[in-house]
There are 2 protein chains.
Amino acid sequence: MRPLRIGDVARLVGTTPRTIRYYEEIGLLPEAPARPSGQHRLYTQEEVERLREVMRLKNALGVTLEELKTLLTAEEARAEVRAQLRREDVDPVRRRQLLMEALGHIERQLELVSHRAAELAKLEDELSETRKRVKRRLRELDARQSATFPPEDTLEVTGEART
Amino acid sequence: MRPLRIGDVARLVGTTPRTIRYYEEIGLLPEAPARPSGQHRLYTQEEVERLREVMRLKNALGVTLEELKTLLTAEEARAEVRAQLRREDVDPVRRRQLLMEALGHIERQLELVSHRAAELAKLEDELSETRKRVKRRLRELDARQSATFPPEDTLEVTGEART
DNA sequence: TTTTATTTTTACGTTCACGTCAGTTTTCAC
DNA sequence: GTGAAAACTGACGTGAACGTAAAAATAAAA
């Protein structure tokens, strides 16, 4: 599988070349270190995945790129930790230190995410609650109607409304 | 309880006067209709609540003010519907129509919210999963340690890490 | 009734997250 | 090798969401 060019990558993750360059420019994406200026950027599948993840985080968290950057930096640090830990020759004290560090990073992310998630969940709950109420009122109305008139047609009430 | 001025309102909901004026300017908040130009804006507790809700939606959904505006317009429409429905003298056909309309609004909102909520929930899940793994590794490490040396101190592992 | 503190309007400034254009270069397809 | 397509680097442009400054008016406090 030959390396991808920026246009292909953009298509794959649903963005534009400009955005990718911009992310590189502000340090959100690592710039390929050995690329002579002027030469085309080439991307591996792995880098595509990384970018996809970045976009996902950005959309899900609705956070500024600067904040996202610190999050990703933490992410990188964890990757570094994993790499270090794979080597069996680190002494347990250092090992513990690394793990604790990683744990800290994760927990900071989790705090952010679960806070936002909780708010959204609450909102979702409220909405589906009012939906329930409206549906019940509709059912009641229909019940009273069918007592007066015979049902002219089967009316969709419980199904999902699509545009 | 005397009416609030814009500065008080801003403090109460955690924003600035400028933002409130801006929201009014773009039609996100209704402008008090009878205020002679130049006179201070006065707000009731109800309007404060409304603004609070707006901020909440904005933060939770991470949506543009324009989109938020359409959402709120739908919200207003629902309020209008509720007002109409409170009057008992509307005929059932019209009643049904109004309810269906409201249902449509709610469901469009819900679609947006639950989509975002689902994404965030997934993210949260993944994070707490990796946290679990890290914690397990820490426990394993400690277990092996306490087999070699006696425990020097009780190490906090399962508790929440605070900055 | 003066201060004093807020608010009002107007208008220009700013940051973020890219879009767009231009001129040049690189790479690909033939 | 020769176009044609895509990418490169600057640079300036843009819309959204406010910030900030200034001069005048209004409201609250003393």
Q: Report yes if at least one side-chain N or O of Lys69(A) is closer than 4.0 Å to OP1 or OP2 of dA17(C); otherwise report no.
A: no

Separation of dC8(D) atom C1' from Arg41(A) atom CZ, nearest Å, is 7 Å

request  = Please check the phosphate of dC18(D) (OP1 and OP2 only) for any side-chain N or O of Tyr23(B) closer than 4.0 Å.
outcome  = yes

Taken to the nearest whole Å, CD/Glu66(B) to P/dT14(D) is 20 Å

Side-chain contact check for Arg35(B): nearest option of dG19(D), dT8(C), dC8(D) is dT8(C)

Atom CD1 of Ile20(B) and atom C1' of dC18(D) are separated, to the nearest Å, by 13 Å

* OP1 or OP2 of dC8(D) less than 4.0 angstrom from a side-chain nitrogen or oxygen of Ser37(A), does that happen here? -> no

Closest of dA7(D), dT20(C), dT26(D) to the His40(A) side chain is dA7(D)

Does the side chain to side chain contact (heavy atoms under 4.5 Å, CB included) test come out yes or no for Arg137(B) and Val134(B), once each step is laid out?
CA-CA 5 Å; Arg137(B) 295 194 65 173; Val134(B) 172; 5.7 Å; no

Taken to the nearest whole Å, CG/Leu29(A) to P/dC18(C) is 11 Å

Worksheet item: Under 4.0 angstrom, heavy atoms only, what part of the nucleic acid is Arg21(A) near: base, sugar-phosphate, or nothing?
Response: base

Checklist line | Phosphate OP1/OP2 of dC18(D): any Lys58(B) side-chain N/O under 4.0 Å | finding: yes

To the nearest angstrom, the CG-P distance between Leu65(B) and dG15(D) comes to 16 Å

Atom CD of Glu25(A) and atom P of dC16(C) are separated, to the nearest Å, by 12 Å

Between OH of Tyr22(A) and C1' of dG10(D) the distance, given in whole Å, is 16 Å

So with a 6.0 Å cut-off around CD of Glu66(A), is the heavy-atom count from everything else above 12?
no

Are Thr16(A) and dG19(C) close enough that a side-chain N or O sits under 4.0 Å from OP1 or OP2? yes

query = Quick one: do Arg139(A) and Asp142(A) make a salt bridge, cutoff under 4.0 Å?
reply = no

Between CD of Glu24(B) and P of dC18(D) the distance, given in whole Å, is 15 Å

Original post:
Is the CD atom of Glu25(B) crowded by more than 12 outside heavy atoms at less than 6.0 Å?
Top reply: yes

Considering only heavy side-chain atoms of Gln39(B), the closest of dA27(D), dC16(C), dT26(C) is dA27(D)

Per nearest nucleotide of DNA chain D, the residue lying toward the 5' end, Arg18(A) or Arg5(B), is Arg18(A)

So CZ of Arg131(B) and CD of Glu126(B): to nearest 0.5 Å the spacing works out to 14.5 Å

